[in-house]
Amino acid sequence: MGFALRLILYVDMDYFFAACEEARHPELRGKPLITGTSPEETKFRGVVEAANYEARKFGIHSAMPTSMAYRLKPDIKYIYSDEPYYESISAKIMEMLSGYGFRMEVDSIDEAAMELDVADYPDALKLAKEIKQKIKQNFDLPCTIGVSTGKIFAKIVCDSAKPNGIRVLEEKDIQDFLKDKDIEKIPGVGRKTAEKLATLKIKKIGDLAKADPMMLIDSVGSFGRELFLIANGTDESTVEENVSVVSIGRERTLENNATKMNDIDSMLNNLTDEVISEVKKQKLMFKTIGVKARYADFTDRIKSKSFNTYSDSKDLVLSTARTLLGGLIGEKPVRKIGVRVSSLISVKGQRNLF
DNA sequence: CAATCGCTTCACT
DNA sequence: CTAACGAGTGAAGCGATTG
């Protein structure tokens, strides 16, 4: 007791959007359920955002086209994701967690890391159980909690304990736990990175641990160094209280593909409203405005423009976005447009670094 | 030649 | 039948540009 052992507790809500729906509509429980990105009328143009575990039994998972989910399970229950509602539940959960007073990093709508100041694993396990039970009692929602000596280790072990689990990974067990796991279990390693590393015959985290760090850096840049350290049991990640936002954007698929500015005007106005209200809510100003067009053939184009002063003006976003999009709309039909602001500064004055 | 710009790529839910 | 299915949010990286 007493010496400093850094312990991170990582909370990840299980199938969060769908679980929120089960919590407010208990009659949905026990049956396959998905929430998706598009309204009921056009649901087949969208993708699955969350799938409960009954749905996953049929091979359904997030990011899968909704049309495919229906092919796998024709009588599946579908709900159009109600993100403001999930956001409000999330805020309450995060508030409850921050009430513990530990350093805490909110990673997404359904994930958070807490840096504990307990001195041993039994205390951390006890705390994890208490938090899990509170989330169940207060919100009727399941979650999984991972505990380890670093944020990344805690996240990986959390993933391994899903759903509805708790798992503590002690320092002495880390290497052994990691070595047979696929490298894609490391946050930040997706398909492309995995493919690059596969050409070096690296598929498991154990392969990473034995690799030549220089070859790793050659293959995936500075990320290679972090990967090597992780694989060898060193997690340098830190829990950051105020991870500042780099950009704020909204994008949405049009009801009908567009070929003229006229076709996108109202969507552009809506997206701009949403971006501006988020900017104001977070008390930010921006210096760069960007747009994105996705064509019917699913190729994307983006354009952006930077100014030399900060602003939070809706009119500026609207007029700039309209000009930029004007250059992207032509023969090729556009199915989706987006608006984004970046180069952000906090209104309180100081620059938004880190 | 360092900082910024405009854009592409990638990850993740 | 290995193409086609295909939303939304955001960070990182990179070559080009600029002061």
Side-chain angles (χ1 to χ4, degrees), chain A residues 12-20 34-39 42-52 56 59-72 80-81 83 86-87 90 106-111 155 159 162 183-197 217 220-224 226 240 243-255 257 267 271 274-275 278 282 286-308 320 324 327-328 335-344 351-354:
Chain A
D12 192 341
M13 303 302 295
D14 299 332
Y15 63 102
F16 184 54
F17 292 3
C20 287
I34 54 177
T35 76
T37 56
S38 305
T42 56
K43 60 187 176 188
F44 292 118
R45 299 196 77 184
V47 299
V48 176
E49 242 171 335
N52 69 2
R56 292 183 198 201
I60 295 166
H61 55 81
S62 67
M64 169 182 280
T66 302
S67 57
M68 186 181 286
Y70 270 89
R71 219 172 303 150
L72 292 167
Y80 176 30
S81 294
E83 295 194 27
Y86 314 141
E87 195 68 61
S90 170
V106 177
D107 273 354
S108 73
I109 194 168
D110 72 342
E111 292 169 285
K155 187 172 163 70
D159 183 61
K162 278 190 160 291
I183 53 177
E184 279 138 302
K185 293 288 181 189
I186 300 174
V189 177
R191 186 172 57 86
K192 294 290 184 176
T193 306
E195 275 172 17
K196 285 180 197 165
L197 294 174
I217 291 169
V220 298
S222 61
F223 191 30
E226 287 173 55
E240 299 293 334
V243 182
S244 75
V245 187
V246 170
S247 70
I248 292 173
R250 291 291 181 273
E251 52 193 77
R252 199 155 300 141
T253 304
L254 300 156
E255 272 184 56
N257 293 353
M267 179 67 84
L271 294 171
E274 291 179 29
V275 168
E278 188 64 26
Q282 297 201 36
F286 51 81
K287 216 167 51 155
T288 302
I289 297 169
V291 298
K292 168 170 167 177
R294 170 167 288 176
Y295 296 101
D297 64 2
F298 284 91
T299 54
D300 291 334
R301 289 293 307 273
I302 76 163
K303 276 198 170 295
S304 64
K305 178 171 165 61
S306 297
F307 297 85
N308 46 29
T320 306
L324 293 171
L328 297 179
R335 63 173 281 140
K336 171 173 149 183
I337 61 170
V339 178
R340 177 168 299 274
V341 296
S342 53
S343 307
L344 302 172
R351 269 225 53 177
N352 218 25
L353 292 171
F354 281 80

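Model, not experiment: these values are computed from the prediction. Reminder, nothing fancy here: chain letters follow the sequence lines and each chain counts from 1.
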Exercise. Given the P atoms of B/dT13 and C/dG6, what is the spacing between them in whole Å?
Worked result: 22 Å
Exercise. In whole Å, what separates the P atom of C/dA4 from that of C/dG8?
Worked result: 22 Å
Exercise. Backbone N or O of A/Thr253 within a donor-acceptor pair of the A/Arg335 side chain at under 3.5 Å?
Worked result: no
For this session: Output yes when at least one side-chain N/O atom of A/Thr66 is less than 4.0 Å from OP1 or OP2 of C/dA7, else no.
Result: no
For this session: Between B/dA11, C/dC5, B/dG6, spot the one nearest the side chain of A/Met68, thanks.
Result: C/dC5
Problem set entry | Pair A/Glu251 + A/Arg294: basic N to acidic O under 4.0 Å | no
Exercise. Given C/dA7, B/dC7, B/dC12, which nucleotide is nearest the side-chain atoms of A/Pro187?
Worked result: B/dC12
Exercise. Expressed in angstrom and rounded to an integer, what is the separation of A/Lys155 atom NZ from B/dA11 atom P?
Worked result: 14 Å
For this session: For A/Arg71 and C/dC1, give me the distance from atom CZ to atom P, rounded to whole Å.
Result: 13 Å
For this session: Take atom CG of A/Asp300 and atom C1' of C/dT9, then tell me their distance rounded to the nearest Å.
Result: 13 Å
Exercise. In whole Å, what is the span from the CZ atom of A/Phe307 to the P atom of B/dT4?
Worked result: 18 Å
Problem set entry | Contact pattern, 5' to 3', of nucleotides 14-19 of chain C - B, S or - by protein heavy atom under 4.0 Å | ------
Exercise. Do A/Lys162 side-chain atoms and A/Met13 backbone N/O form a donor-acceptor pair below 3.5 Å?
Worked result: yes
Problem set entry | Residue A/Ser304, side-chain heavy atoms: nucleotide from B/dG6, C/dG8, C/dA7 that is nearest | B/dG6
Exercise. In terms of the nearest nucleotide of DNA chain C, which residue is placed more toward the 5' end: A/Leu271 or A/Phe298?
Worked result: A/Phe298
Problem set entry | Gap between atom NZ of A/Lys185 and atom CG of A/Asp159 - 0.5 Å precision | 4.5 Å
Seminar exercise, completed: Assert: residue with more 5' nearest nucleotide on DNA chain C, out of A/Glu49 and A/Phe223, is A/Glu49
Problem set entry | Side-chain N or O of A/Ser247 closer than 4.0 Å to phosphate OP1/OP2 of C/dT9 | no
Seminar exercise, completed: ring-ring contact (aromatic ring centres under 6.0 Å, His included) filter on A/Phe307, not counting sequence neighbours, yields none
For this session: Give a yes/no answer on whether the side chain of A/Arg340 brings an N or O atom under 4.0 Å of OP1 or OP2 in C/dG8.
Result: no
Seminar exercise, completed: To the nearest angstrom, the CG-P distance between A/Leu328 and B/dG6 comes to 14 Å
Exercise. At under 4.0 Å, does any side-chain N or O of A/Lys303 touch on OP1 or OP2 of B/dC7?
Worked result: yes
Seminar exercise, completed: A/Phe16 atom CZ is separated from B/dC12 atom C1', nearest whole Å, by 16 Å
Exercise. How is A/Val189 classified with respect to the nucleic acid when contacts are heavy atoms under 4.0 Å: base, sugar-phosphate, or nothing?
Worked result: sugar-phosphate
Exercise. Between A/Ser81 and A/Gly36, is there a donor-acceptor pair closer than 3.5 Å when you use the side chain of the first and the backbone of the second?
Worked result: yes
Problem set entry | Any A/Ser306 side-chain N or O less than 4.0 Å from OP1/OP2 of B/dG6 | yes
Problem set entry | Backbone N/O of A/Thr288 and side chain of A/Arg340: donor-acceptor pair under 3.5 Å | no
Problem set entry | Side-chain N,O (A/Arg250) to OP1/OP2 (C/dT9) below 4.0 Å | yes
Problem set entry | Contact check, side chains of A/Lys303 and A/Val291, non-hydrogen atoms, under 4.5 Å | yes
For this session: Provide, to the nearest angstrom, the distance between the CD atom belonging to A/Glu184 and the P atom belonging to B/dC12.
Result: 9 Å
For this session: Would you indicate what A/Phe44 reaches in the nucleic acid, counting non-hydrogen atoms under 4.0 angstrom: base, sugar-phosphate, or nothing?
Result: sugar-phosphate
Exercise. Between the main-chain N or O of A/Glu49 and the side-chain N or O of A/Thr35, is there a donor-acceptor pair closer than 3.5 Å?
Worked result: no
Problem set entry | Rounded interatomic separation in angstrom, taking CD1 from A/Ile109 and C1' from C/dT9 | 11 Å
Seminar exercise, completed: Winner on side-chain proximity to A/Ser222, out of C/dG13, C/dC5, C/dG8, is C/dG13
For this session: Report yes if at least one side-chain N or O of A/Arg335 is closer than 4.0 Å to OP1 or OP2 of C/dA7; otherwise report no.
Result: yes
Exercise. The side chain of A/Arg252 lies closest to which of these nucleotides: B/dT13, B/dT8, C/dG8?
Worked result: C/dG8
